[in-house]
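Ligands are counted one by one from 1 in listed order, and the atoms in each one are counted from 1 as well. Position 1 is the first residue of the sequence, and the numbers go up from there.
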Amino acid sequence: MAAITMQNLVKKYDDGFPAVNDVSIDVADGEFLILVGPSGCGKSTLLRMVVGLEDITSGELLINSERVNDKAPRDRNLSMVFQNYALYPHLTVYENIAFPLRLSKGEFSKEEIDRKVRAASDTLDLDEHLERKPANLSGGQRQRVAMGRAIVRDADAFLFDEPLSNLDAKLRGQMRTEIAQLQRRMGITSIYVTHDQTEAMTLGDRVAVLKKGVLQQIASPRELYEQPANLFVAGFIGAPSMNFLPARIEGNVFKTPIGDIEVPERVQRKVSGKNDIVLLGLRPEHFEDSKFVDEAKVPHGTTFEAEFTHTEWLGNQQYGYIQFEQDQAVKHKLDELAKDLDADEMPSQVVVSLDASSRIRGGTAANIWLDARRMHVFDPETGENLTRDEEAGAELTREATEERKSEIERARQKADQESNGAGDRSDSGGRHRAAGAAGQGGSTSA
Ligand SMILES: Nc1ncnc2c1ncn2[C@@H]1O[C@H](COP(=O)(O)OP(=O)(O)OP(=O)(O)O)[C@@H](O)[C@H]1O
Ligand SMILES: [Mg+2]
């Protein structure tokens, strides 16, 4: 088990470009941390620095408070699972899993190796496939073999670099669930790189968002979603994305190209005197067809008329689209944001979520309601979220930490019961080991 501390880590490749730029992250013992960001933002580089495959240009890397900058990868006792699995095609599943144990010659007896491989295969449901070769396995099964190889080593932490990106969407969803359950059962510290925000949101205790090598925000998924620190995080997290709408402040009204929106009191204090133009951050679900809004909710928002270009009905959900003329004063910032997010451009349209039974259709004007309690306001120059409530955000992350602790505790109890039920089975991998490990994770994860 391990706590991993990154202090001011910098990686400059030969061309002098800082691929990782002053990143500090504390990964608690037992925590599942996600590194997320667009292509080229430095996720793999950072992970490879932790595991020891890449030199650290400057900064400190600590594992359980011990400095490991100069330690060889094998002495860091971390297990890495790669995107392409790196399985040996000529070896059976059994031998692929046993491989790291056979590498450390003489350290494990034949019986020990057998016990560990079988425990891992039991944990990963691979018992029926032990004698097969990787070529005859499905993508998901190969992924599990790669995980098995990580598990048998009794490593202090798992590091994953986009382990699911080779799988089709359905299998990816399935493996995502398996990894989440396995990690909770074992309570083992994990750092997981992805650019898939669904993976980030569903797997992570906390998610670290990177942009061009710089850490933008690290928080629980809910805090990132509800209290993003800046335009980049706001635009990256959430699908469909947050809408960014230019607004000029006139008294207590935001003049926007889709209509006038009252400035909520909470927001007034934060924007007054600062900018004459801002970017409103409005998530699709902050809107509703006004016909479907509860009487009691109405005063918490603004109702205004907008012209819809088209709607999309998806059965349980409906989206409406409103085009608008972009304000030239913010266009450069939105173009830059689009580039940072790996998108072609920021569409000059607002996507609003409508009740599935709403009759709003393209080519008509309709009244929509906007929940003003949830609107964000961004500084169009710095990108800073002017309305971020740090305390509320921190509370969300605290809650998530608490929930997580109880979840690990429950998994530990269940594993205890199961291993008691299984009599004197004394496997050193898989579930047995899981129980102890999860206990530690539960008591110290922050
Ligand atoms: N060996 C290298 N030499 C020079 N530059 C490199 C090297 N490896 C990576 N880079 C650069 O460092 C930056 C970060 O790369 P990295 O592979 O860490 O990104 P990433 O976030 O993992 O991207 P992706 O999502 O595409 O895998 C990129 O600009 C990349 O071009
Ligand atoms: Mg990468």
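Among residues two or more places apart in sequence or in another chain, the salt bridge (Lys or Arg N to Asp or Glu O under 4.0 Å) test is passed with R248 by D327. Taking A394 as the reference, R398 meet the side chain to side chain contact (heavy atoms under 4.5 Å, CB included) condition, with sequence neighbours excluded.
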Ligand-protein N/O pairs under 3.5 Å (ligand 1):
unit_1   : atom_1 : unit_2 : atom_2 : d
ligand 1 : 8 (N)  : Y13    : OH     : 3.4
ligand 1 : 18 (O) : T45    : N      : 2.9
ligand 1 : 18 (O) : T45    : OG1    : 2.5
ligand 1 : 19 (O) : G42    : N      : 3.4
ligand 1 : 21 (O) : C41    : N      : 3.2
ligand 1 : 21 (O) : G42    : N      : 3.0
ligand 1 : 21 (O) : K43    : N      : 3.0
ligand 1 : 21 (O) : K43    : NZ     : 3.0
ligand 1 : 22 (O) : S44    : N      : 3.0
ligand 1 : 22 (O) : S44    : OG     : 2.7
ligand 1 : 23 (O) : G40    : N      : 2.8
ligand 1 : 25 (O) : K43    : NZ     : 2.8
ligand 1 : 26 (O) : S39    : OG     : 2.5

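Partner of R176 under the side chain to side chain donor-acceptor pair (under 3.5 Å) criterion, out of T194, D196, T202, T198: T202 alone.
Residues F378 and F244 bring their aromatic ring centres within 6.0 Å.
Salt-bridge formation is not detected for the pair R48/D161: no Lys NZ or Arg NE/NH1/NH2 atom is positioned less than 4.0 Å from an Asp or Glu carboxylate oxygen.
Note on the Mg ion (ligand 2): protein N/O/S atoms under 2.8 Å are S44 OG.
In this structure, R184 is not positioned above the aromatic face of F32 in the sense of NZ or CZ being under 6.0 Å from the six-membered ring centre and within 45° of the axis.
Taking the side chain as every heavy atom from C-beta outward, N77 and R74 never approach each other to under 4.5 Å.
Side chains of E223 and T397: a donor on one and an acceptor on the other come within 3.5 Å. One side chain, N230 or Q216, offers a donor N or O that lies under 3.5 Å from an acceptor on the other.
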